[in-house]
Amino acid sequence: MRFSTFIISLALFLLAFPTMSRAQNNGHPHSPIMLSINVNEGNYRPAKVSYLGTQIGGGPNVFNFVQTGDNQKFVSNGLSIGYQPSVSALKDYIFSFSFSNFIAYQSENFGTLDPAGGTLLIAGVGVGATGVGFGLPGPNNQITEGAYKSTLDGYDVALGVKRSMALLDDRLTVSPSVGLQYKKLWSQNILSGNIPFFVRQFGYDTKLNIESFSPTLGLDLNYMIDSGISIFGGVQYVYDFNNGKGYDSLAFTGFDTQTLRLSNDKSTDSHKAHLGVSYTFQNSITFSLEGHYQSLGNTPLLDVRTSIAPVRFSYKKSEIYSAGLKLSYRF
């Protein structure tokens, strides 16, 4: 059984299961509203993207002369509001609204790139009079001032409902959840350089915008070690209905800029997990230290340019590792 299938089945079972205990309250009445803010930093690991190509001695064209995809800086922050009704039939449920934004970025200077005597292939977008791109023979076709910039930023808004059930004398809380998330992503990748011998400059610019609507299923665990001190963790499965649009372009000295519009509406799935420790005092203020892992299935990245067909983009798997702080307050 796939991990995601297991999480879906268990969450649905627990949500539908008859009441087996009351929500944990540590002997104190719960205020119905909780406000939380969080900040996170870490690493974003996208799939590799290939640029440029070489052809040596009559051999095949190889389009991986430059490859990107190193770790990128990741920063996010968020706000959430939870409401726990006092009505008896709903006292074990928490209804939530959350908003978060994030950015991952990388800037790298390659310096000089040398095709080692082979032909330098600058693939085009695959359509139009110059869509096949340009081939510059060696040996004086070195690229100088090579530079790469990448950004991925966006935000998401989510609505959810979680059912909290206390076990082991109220020390363990099990909370399955369901929700709906809207996410907006903006992605831009730029690669540029000079070719002094040919008195040419080139620049690739790819911009992709993604909207997704995503049902979510999750499961959280919280175990109280001592009065006010707990360890917690959870997993979430996300299925993304994506609507992606954008363009890819190539500017080359002496020629008009090539531009091709792109789109992709393929659906994908993602997984999230977190683990942390929290301290609550006065039954209203909670500080948490958390670690997060995300496997994102809808990262928009351009496929390899080969000059023989129009370029396309796909949704690739990428990973985010981050750590952060969360402050929660019950009114």
Side-chain angles (χ1 to χ4, degrees), residues 4-38 78-100 156-183 213-225 227-240 270-288 290 292 326-331:
S4 56
T5 304
F6 170 75
I7 294 301
I8 292 172
S9 301
L10 183 58
L12 291 176
F13 169 75
L14 291 173
L15 281 167
F17 200 74
T19 301
M20 54 193 300
S21 72
R22 54 189 165 80
Q24 179 177 312
N25 61 19
N26 297 330
H28 300 280
H30 273 160
S31 172
I33 300 176
M34 174 178 282
L35 174 67
S36 298
I37 57 175
N38 64 79
L79 169 72
S80 65
I81 299 174
Y83 176 71
Q84 186 172 11
S86 57
V87 179
S88 178
L90 298 175
K91 64 183 179 63
D92 293 335
Y93 291 85
I94 299 175
F95 299 86
S96 64
F97 166 84
S98 65
F99 171 85
S100 66
D156 62 65
V157 179
L159 297 172
V161 58
K162 175 187 297 186
R163 184 184 185 189
S164 296
M165 297 173 288
L167 305 170
L168 303 179
D169 296 326
D170 288 355
R171 299 184 72 87
L172 174 66
T173 303
V174 180
S175 304
S177 63
V178 296
L180 182 64
Q181 174 183 274
Y182 169 78
K183 180 184 290 184
F213 290 90
S214 311
T216 66
L217 284 171
L219 183 66
D220 292 288
L221 302 175
N222 186 94
Y223 183 76
M224 185 174 65
I225 300 175
S227 179
I229 302 176
S230 300
I231 57 174
F232 60 89
V235 292
Q236 187 181 59
Y237 175 77
V238 183
Y239 192 83
D240 299 306
S270 304
H271 304 83
K272 301 179 182 180
H274 68 276
L275 185 67
V277 59
S278 65
Y279 175 67
T280 301
F281 61 96
Q282 298 180 349
N283 200 43
S284 59
I285 301 175
T286 301
F287 291 98
S288 302
E290 300 178 298
H292 296 266
K326 181 167 73 172
L327 172 63
S328 303
Y329 178 72
R330 279 191 179 274
F331 291 93

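Values below: every heavy atom of this structure, side chains too, minus hydrogens, waters and symmetry copies.
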Exercise for the section: Please examine the side chains of N38 and L79, heavy atoms only from C-beta on, and report whether any two atoms are closer than 4.5 Å. Expected result: no
Handout entry: Partner residues of I81 under the side-chain contact (heavy atoms from CB on, under 4.5 Å) criterion, sequence neighbours left out
Key = I33, L35
Handout entry: Residue pair D240 / S270, side-chain donor-acceptor N/O under 3.5 Å
Key = yes
Problem - By side-chain contact (heavy atoms from CB on, under 4.5 Å) - contacts of L90 (at least two apart) - result: P85, Y93
Problem - Donor-acceptor pair, side chain of T216 and main chain of G179, under 3.5 angstrom - result: yes
Handout entry: Partners passing ring-ring contact (aromatic ring centres under 6.0 Å, His included) against Y329 (at least two apart in sequence or in another chain)
Key = F331
Practice task
For residues S214 and Y239, determine if any side-chain heavy atom of one lies less than 4.5 Å from a side-chain heavy atom of the other.
Solution key: no
Exercise for the section: State, yes or no, whether a side-chain contact exists between T173 and S175 at a heavy-atom distance under 4.5 Å. Expected result: yes
Practice task
Check whether any side-chain N or O of R163 sits under 3.5 Å from a backbone N or O of P176 as a donor-acceptor pair, and report yes or no.
Solution key: no
Fill in the blank from the handout: Hits for salt bridge (Lys or Arg N to Asp or Glu O under 4.0 Å) against D220, two or more places apart or cross-chain, chain-then-number order -> K162
Fill in the blank from the handout: Rounded to the nearest 0.5 Å, the CG atom of N283 sits from the OG atom of S227 at a distance of 9.5 Å
Handout entry: 4.5 Å side-chain heavy-atom contact, S230 and V277
Key = no
Exercise for the section: Kindly indicate whether the side chain of I94, heavy atoms from C-beta on, has any atom under 4.5 Å from the side chain of S164. Expected result: yes
Fill in the blank from the handout: One should read off an interatomic distance between Y223 OH and I229 CD1, to the nearest 0.5 angstrom, of 13.0 Å
Handout entry: Any side-chain heavy-atom pair of F97 and Y83 under 4.5 Å
Key = no
Problem - Atom pair CZ/CE of R171 and M224 - distance to nearest 0.5 Å - result: 5.0 Å
Problem - Between CG on residue L172 and CG on residue D170, distance to nearest 0.5 Å - result: 10.0 Å
Handout entry: Side chains of R330 and Q282 in contact at under 4.5 Å (non-hydrogen atoms)
Key = no
Exercise for the section: Please identify each residue that fulfils side-chain contact (heavy atoms from CB on, under 4.5 Å) with S98, with sequence neighbours left out. Expected result: S80, A158
Practice task
List in chain and number order the residues that pass side-chain contact (heavy atoms from CB on, under 4.5 Å) with F213, two or more places apart in sequence or in another chain; answer none if no residue qualifies.
Solution key: Y182
Handout entry: Interatomic spacing from CD1 in I231 to CG in L275 - rounded to 0.5 Å
Key = 7.5 Å
Exercise for the section: Might you point out which heavy atoms bring T280 and S284 nearest each other, and give the distance in Å? Expected result: CG2-N, 4.2 Å
Handout entry: Interatomic spacing from NZ in K326 to OG in S278 - rounded to 0.5 Å
Key = 8.5 Å
